[in-house]
Every structure is written in C-alpha cells, then in structure tokens.
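Okay, so here's the structure we're looking at.
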Amino acid sequence: MSAAEAGVLPDDRDQNAPVPHRLAITVAVMTAIIMNVLDITIVNVALPHMEGSLRANSNQITWALTTYMLAMVIVTPLTGLLVERFGQRRLILASVAGFLVCSALSGQSHSLPEIVLWRFFQGVFGASLVPVGQAILVESYPRSQRGIAMATLGMGIMLGPILGPVLGGYITEDLSWRWCFYVNLPIGAIALILLFFYAPDFGHSEHPRPLDWQGLLWLTLGLGSLQLILSLGDQDDWFSSRFIVATAVVAALGSLLFVVHSLSVRSPVVDLRLLADRSLTMGSIGIGLFGLALYGTMVVLPIYLQNYMGYEPQTAGLVMAPQGIGSWISMWAAGRLLNRGASPRLMIIAGVFLGSLGTWLSLHYNLDISPAWIVWPGVIRGLGLGLISIPLFTLAFTTLSKANTPAGSGIFNLMRNLGGSVGIAIVSTILTEQAQVAWNQMGGHISAFAPAVRHYLDAVGLVQGPLAWHLLGMELERHAAMRGILDAFAFLLVSFLAVLLIALFMPSTDPGPGKSPPL
C-alpha cells in the first residue's frame, strides 16, 4: 500500500524516521541513473564504427544521438504528471524495463532508421529515471542525511560524462559498438530486481490531473525543435540553413504558445507556476549553466587530446578520469558539510573559484604539454564541479513543497539536459569558427616570399615544394585548431563565473513552515 493510499502524505511522516532497506534503494536508484546517464556519452566514441554497419555517413549517424536527446528533453518535464498517474515505483520500474528492451533492440539494429527509432524510445523511457530517482532518494532519507543522499545522486550523474568516453573506447575497440548498448542489460537487470523488491511508492494521486493534450503538443514542438537546432546547428552552419531557420520559427512559436497556454489552464502538462518559487527558478538556471560547463568540457577535451595531442581513446579517457575523481571527492565532502550546517552559498563560491582556476589553467595549454598538465587542472576543475552541483540541488528545492517535488525535479533536470545541449552546441561552434579565423589570420603570413617561411624551411631541412607546403598546411591546421580550443576554454571559464551570480540571487536555506527541507 502506498503512502497516499494509506492517507499518509510524505510531509506527514517523521522526517528522521528510518526507512527500511535504504541501502538497497540507494544502490537500485544509483544503478538505474548511472545506466541512463552513461548512455548519453558512451555512444559518442562508437559513432565512427557504427557508420559502416548501418550504411550511414558521418552526418546521418548523429541522429542516433539527436533522437535520444530529443526524447529526453520532451519527456523529462512530464515527470510530475506521470508520477501522479502511476506513482514513483511503477514509473521507475516501467522506465528501467523499457530502457533495457530498447537497449537490446538498439544493439541489434542493422539500419539507420532502425537504430534512430529505438534510440528515440530509449530516451523516452530514460527521461524520468533521474528525476524519479531523485524523488525516491529524497523520500528514503531523513532530513539530517539528505545532503549525503544528494551527494550520492550527484556522483552517479557525474559518472556518465567522465566514464562514458573511457568505457566506450575500450568496448568499441575490444568488442563491438553493439556492446555499448548490450552493457546496459546486466546493469539494468540488477536495478530492476532491486527496485521491484525495495522501491517505495509515493506520489500516486487518486485524482490525477487530466492530460493536457494541447499543452503537450506545444511542448513537443517547442522543446523538440530547440533540441534539433542545438544538435544540428553546427553541421548545418546555423542560420545559413533554411531548415534551421524554419525549425527556429517552430521552436519560438511552440514555446510561446506553450507558456501562454500553461499559464491559462488549471491543470497544465507542466506547471510553470512552480517557477514562481525563486529557489527552484534560480537553481534550475544554475544547473543549466553547470550542465553547460560540464558537457562543454567533455566535448573539447577529447577533441584536443585525441585529434591534436595524438592520444588513443583509452589513454585520453584515463587522462580525463582524474577530473571525475576530484568531483566524487568534493561531492562526498559537500554532502557531509551540508549535513553539518555548512552554507551552500559559500560552498558554491568555493566551487566556482576552483572550477574557474582549473579552467583558467587550461587556457595555457599548447601542443607540447605533458599529461600532468592535463591531469592537475582537471582535478581542480572536478573539485569545483562537485562543490557547485550538490549545493545547487540543496538550494533549488529548499522552499518547494514535497507534493511539488517530482514536477520541480522534472523542470530542474530538464534545465540540466538543455544546458548540456547548449554547451555542446556552443563549444562545437567555437571550435569550428575560431579555428577558421585563426587559419585565415596565420595563413596570411605563409607564402613562398616570406623570409620567416624560408628560414623555417631551412631550419627543418626542407626545400620549397609540394611536400614542404603539405607539412606547413598540417602544422597550420594544428595551431589554428589550438586557438579554437583555447577560445572554447575561455567561454567555459565565463560559464563557471556566471554560476556565482546565480548563487548570490538565491534565497536563504531556511525552508519555513510546511515546506520541503533541503535535499
């Protein structure tokens, strides 16, 4: 019997009462979340290997990523409505089971339309895993230990961007790209069994809101079109493409109609009135900026290490892994400090300082540095990421009522996903366009009549000719790309600093009477 059926709402329970099987619940939720988040990044490494098997070119194969993120963005804000209708337990069980089936079908795909279809449904089932898992952890831990619960959740969410490229590289090279999907099966089976036996059932309503079909249509058009723009804009040269322009018009109209409709009906598909809660609004903006910085870093580092430093995918993953270790350490520390009454704002300020310092050190990268210069700035940046994310979780839900937690979590995690998509799109554009600018600037000084060019060729033992110009062109391309990489890190530095402004405008952590305690 659920809490709702028993007439006991979560707010009525003793906040410090022990919850049975808390360890099993935590392991189950974390396993499901890790499986979901890992699948966003693990496939990136396998894309070149998938092209031949699925008879697709490099542009077409990106739809395997685009459709997954498209479904995630559309379905995530619907979490609150789904919890009302089915309850947390049934929703997360259905999500894990559906995700496993779609993972198996994605792995056995033999054509591009087939994998695009199953990846879309994989995103549909995976979209609710993080917000529902977050709500289950909130209900399973007493008030005094929720900092630890959210630190555990954050460690799972951070694992995907860090471990994905490493695991994807090993699996693709040693097995097959299909195992990037099949690896979900044993992980998901463990999560499904544990959730079946131990997952609590909260949130189900005897009188759920009616489904707002019109609002769902506008939401799908607005967010879906926005995700398409972010995913395809760089390769289609943004607004030089008629398709991108048309999609932008649809995104703007869909989003405007969705906002107007949601504020004018009694039971919208996503309750935007929750954004009147300043903590949730500022926290959602903050987690969006955090996702931008995190996923932007995860885009630029592999390109730098593999394409221009000559690292193998496995080596690049190992060099990037210490950033994840730093994040896990600081997340664990953040949970402990929050439980002891530390100020979330001060922790965010410290996190911004460390994240900015690590990114500022990256502005001094070049094409000849040692791996240590990659590792230590990554560790510092990782420490900052951990100190930012957990306090943001805490502050965002400080004044939100328990009944609105699933819906608020859907909005919060939507902003994290959108922030990541925006970060990937902007960083990809900076890498492309600024490298082209640098090419034009530096290439203008290379000619057969330039004394510096003649001196350089003499110094390296080359004479003017096709081979010399080919080698000069390759060197010019490397240094132009390095300029683009440094500009991308400069943008990420600004992203970290922007999080500081969010923290300063968030309200205090005192939840007040009848409100949710910090997560």
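In this text the structure is predicted, and so the values were computed from the model without any measurement.
Rounding to the nearest 0.5 Å places OG of Ser106 at 5.0 Å from CZ of Phe181. Between Ile329 atom CD1 and Leu383 atom CG the span is 6.5 Å, to the nearest 0.5 Å. Put simply, CD1 on Ile187 and CG on Leu100 are 10.0 Å apart, with the number rounded to the nearest 0.5 Å. One finds the CD1 atom of Ile287 at 6.5 Å from the OG atom of Ser389 (value rounded to the nearest 0.5 Å). Here SG of Cys102 is found 11.5 Å from CD1 of Ile115. Values are rounded to the nearest 0.5 Å. Of the inter-residue distances, the one linking Arg90 atom CZ with Leu82 atom CG reads 12.0 Å to the nearest 0.5 angstrom.
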* To do: Test side-chain contact (heavy atoms from CB on, under 4.5 Å) on Leu221 and Trp218 and set out the steps.
  => CA-CA 5 Å; Leu221 288 176; Trp218 302 139; 3.9 Å; yes
* To do: Test Met331 against Leu387 for side-chain contact (heavy atoms from CB on, under 4.5 Å), laying out the working first.
  => CA-CA 6 Å; Met331 284 180 177; Leu387 288 176; over 6 Å; no
* To do: Please report the C-alpha distance between Leu500 and Ile348 in whole Å, then the side-chain angles of each, then the deciding distance to 0.1 Å, and finally whether the side-chain contact (heavy atoms from CB on, under 4.5 Å) criterion is met.
  => CA-CA 7 Å; Leu500 181 62; Ile348 293 176; 5.6 Å; no
* Going through the checks in order, is the side-chain hydrogen bond (donor to acceptor under 3.5 Å, both in side chains) test met by Ser362 and Arg381? -> CA-CA 10 Å; Ser362 300; Arg381 184 165 49 242; 3.0 Å; yes
* Stepwise side-chain contact (heavy atoms from CB on, under 4.5 Å) check, Ile388 with Phe496 -> CA-CA 9 Å; Ile388 292 172; Phe496 272 108; 4.0 Å; yes
Would you tabulate the side-chain donor-acceptor contacts of residues 30-38 under 3.5 Å, counting partners in other chains and residues two or more places apart, or write 'none'?
{"residue": "Thr31", "atom": "OG1", "partner": "Val27", "partner atom": "O", "Å": "2.6"}
{"residue": "Asn36", "atom": "ND2", "partner": "Tyr68", "partner atom": "OH", "Å": "3.1"}
{"residue": "Asn36", "atom": "ND2", "partner": "Gly126", "partner atom": "O", "Å": "3.4"}

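Within the structure, the salt bridge (Lys or Arg N to Asp or Glu O under 4.0 Å) test picks out the following pairs touching residues 110-122 (sequence neighbours left out): Asp39-Arg119.
Not counting sequence neighbours, the partners of Trp179 by the ring pair (Phe, Tyr, Trp, His ring centres under 6.0 Å) test are Tyr182. With sequence neighbours left out, Val375 forms a side-chain contact (heavy atoms from CB on, under 4.5 Å) with Val319, Pro322, Val379. With sequence neighbours left out, Ala24 forms a side-chain contact (heavy atoms from CB on, under 4.5 Å) with His21, Tyr198. Here Phe196 pairs with nothing under the ring pair (Phe, Tyr, Trp, His ring centres under 6.0 Å) rule; sequence neighbours left out. Residues forming a ring pair (Phe, Tyr, Trp, His ring centres under 6.0 Å) with Phe489 (at least two apart in sequence, or on another chain): Tyr365. Val422 pairs by the side-chain contact (heavy atoms from CB on, under 4.5 Å) definition with Leu230, Leu292, Ile426, not counting sequence neighbours. The side-chain hydrogen bond (donor to acceptor under 3.5 Å, both in side chains) search around Thr26 returns Tyr141, not counting sequence neighbours. Qualifying side-chain contact (heavy atoms from CB on, under 4.5 Å) partners for Leu337, counting only residues two or more places apart in sequence or in other chains: Ala342, Met347. Legend: residues meeting side-chain hydrogen bond (donor to acceptor under 3.5 Å, both in side chains) with Ser103, ordered by chain and number and at least two apart, are Gln122, Asn184.
Listed for the Thr359 side chain is no donor-acceptor partner under 3.5 Å among the backbone atoms of Ser356.
Ser255 and Gly222 get closest at one heavy-atom pair: OG-CA, 3.6 Å. Residues Val300 and Ala488 come closest through the heavy atom pair CG2-CB, 4.1 Å. Here the shortest heavy-atom pairing between Pro391 and Gly386 reads CD-O, 4.2 Å. Contact detail for Leu492 and Thr297: the closest heavy-atom pair is CD1-OG1, 3.6 Å. Closest heavy-atom contact between Ser330 and Gly382: OG-O, 3.6 Å. Between Ile390 and Ala334, the closest heavy-atom pair is CB-CB, 4.0 Å.
Residues Val101 and Trp118 form no side-chain contact, since every pair of their non-hydrogen atoms from C-beta on lies 4.5 Å or further apart. A heavy-atom distance below 4.5 Å is not found between the side chains of Ile136 and Arg89.
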